[in-house]
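Right, one structure below, let's go through it.
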Amino acid sequence: KAGVTQTPRYLIKTRGQQVTLSCSPISGHRSVSWYQQTPGQGLQFLFEYFSETQRNKGNFPGRFSGRQFSNSRSEMNVSTLELGDSALYLCASSFQGSNEAFFGQGTRLTVV
Amino acid sequence: GNSVTQMEGPVTLSEEAFLTINCTYTATGYPSLFWYVQYPGEGLQLLLKATKADDKGSNKGFEATYRKETTSFHLEKGSVQVSDSAVYFCALSGPNQAGTALIFGKGTTLSVSS
């Protein structure tokens with residue numbers, strides 16, 4: 001079956017703009033989580049959604065937000081982009097009751 | 001809070017050498033422990049996991065044993081191949097936590113030459 005799909009794969013944005021990233025989970029998976037990966041900070045947990053509700057949240061400013069739709073697809077939004085937001089953003093999905101996360105290939109965001 | 005510490009890389013080995021990547025963790029209770037692998041330009045793939053003390057996770061020749069007494073989950077492989085070259089991440093999922101809020105180590109880059 002299809003894996004986790006993230007779109008777009010690459011994005012270039014200007015400081016101050018906002019951006020929306022999309023994630024389609026594996027069919028049947030209702031949990032979606034998001035991570036930021038940078039060379040300096042490594043992989044950091046942003047937030048997790050389950051059945052359209054945010055279940056866990058990492059330590060990121062309010063500029064980072066997300067949502068989940070009734071079909072389990074998820075979006076994350078970053079407003080007022082800063083240069084430091086340049087990163088690979090990874091989405092992962094998991095089956096209900098499981099803590100095994102399956103990752104997408106990521107969206108590479110570059111802020112200039 | 002919970003945290004994961006991995007050995008710094010890069011690790012450079014010749015083909016068929018023995019591999020160990022050290023991982024220790026800090027957590028209350030019994031977290032679930034994972035090793036993920038990331039190939040260039042790709043997302044993360046789950047390599048193996050263990051959910052309780054003394055569990056051994058294994059996959060593709062890689063093994064790791066959950067050691068509660070030393071709070072460790074070291075990754076080992078008896079004979080590495082060039083195709084094993086990648087970045088390896090140790091991670092934990094907090095005990096009594098619903099969902100998959102993973103805490104990752106910094107990653108260890110493995111380079112295997114023929």
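Residue numbers begin at 1 in each chain, while the letters A, B, ... track the order of the sequences. Computed from a predicted structure; not experimentally measured.
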Nearest heavy-atom approach of B:Tyr36 to A:Ala101 is OH-O, 3.1 Å
Check the surroundings of atom CZ in A:Phe95: do more than 12 heavy atoms from other residues, nucleotides or ligands lie under 6.0 Å from it?
no
Examine A:Val32 and A:Phe69 and state if one hydrophobic cluster contains both, with Ile, Leu, Val, Met, Phe, Trp and Tyr joined whenever side-chain heavy atoms are less than 4.5 Å apart.
no
For the CG atom of A:Asn99 and the CZ atom of B:Phe34, what is their distance to the nearest 0.5 Å?
3.5 Å
Sorted by number, residues from residues 41-73 of chain B in contact with chain A (heavy atoms, under 4.5 Å):
B:Gly41, B:Glu42, B:Gly43, B:Leu44, B:Leu46, B:Lys49
Less than 4.5 Å to any heavy atom of chain B: does that hold for the side chain of A:Leu43, its backbone, both, or neither?
both
Hydrophobic cluster membership, with links at side-chain heavy-atom distances under 4.5 Å among I/L/V/M/F/W/Y: are A:Val112 and A:Tyr89 in one?
no
Examine whether an atom of A:Leu88 lies under 4.5 Å from a heavy atom of chain B, and if so say whether it belongs to the side chain, the backbone or both; otherwise answer neither.
side chain
Is the number of heavy atoms from other residues, nucleotides or ligands under 6.0 Å of A:Arg63 CZ greater than 12?
yes
Taking atom CD of B:Glu16 as the centre, does the number of heavy atoms from other residues, nucleotides or ligands within less than 6.0 Å exceed 12?
no
Between A:Phe64 and A:Leu83, is there shared hydrophobic-cluster membership here, with clusters defined by ILVMFWY side-chain heavy atoms closer than 4.5 Å?
yes
Would you confirm whether the ring centroid of A:Tyr35 sits within less than 6.0 angstrom of the ring centroid of B:Phe104?
yes
Between A:Arg108 and chain B, with a heavy-atom cut-off of 4.5 Å, which part of the residue counts as in contact: side chain, backbone, both or neither?
neither
If two hydrophobic side chains count as joined below 4.5 Å and joins carry through other members, does A:Ile12 share a cluster with A:Leu81?
no
Please test B:Leu102 against A:Phe45 for side-chain contact (heavy atoms from CB on, under 4.5 Å), starting from the C-alpha separation and ending with a verdict.
CA-CA 7 Å; B:Leu102 294 167; A:Phe45 171 73; over 6 Å; no
Hey, quick one: are A:Leu46 and A:Leu11 part of the same hydrophobic cluster, counting side-chain heavy atoms closer than 4.5 Å, chains of contacts allowed?
yes
Distance, nearest 0.5 Å, that separates CD of B:Gln38 from CD of A:Gln37
4.5 Å
Please check if atom CD in B:Glu8 has more than 12 non-hydrogen atoms from other residues, nucleotides or ligands closer than 6.0 Å.
no
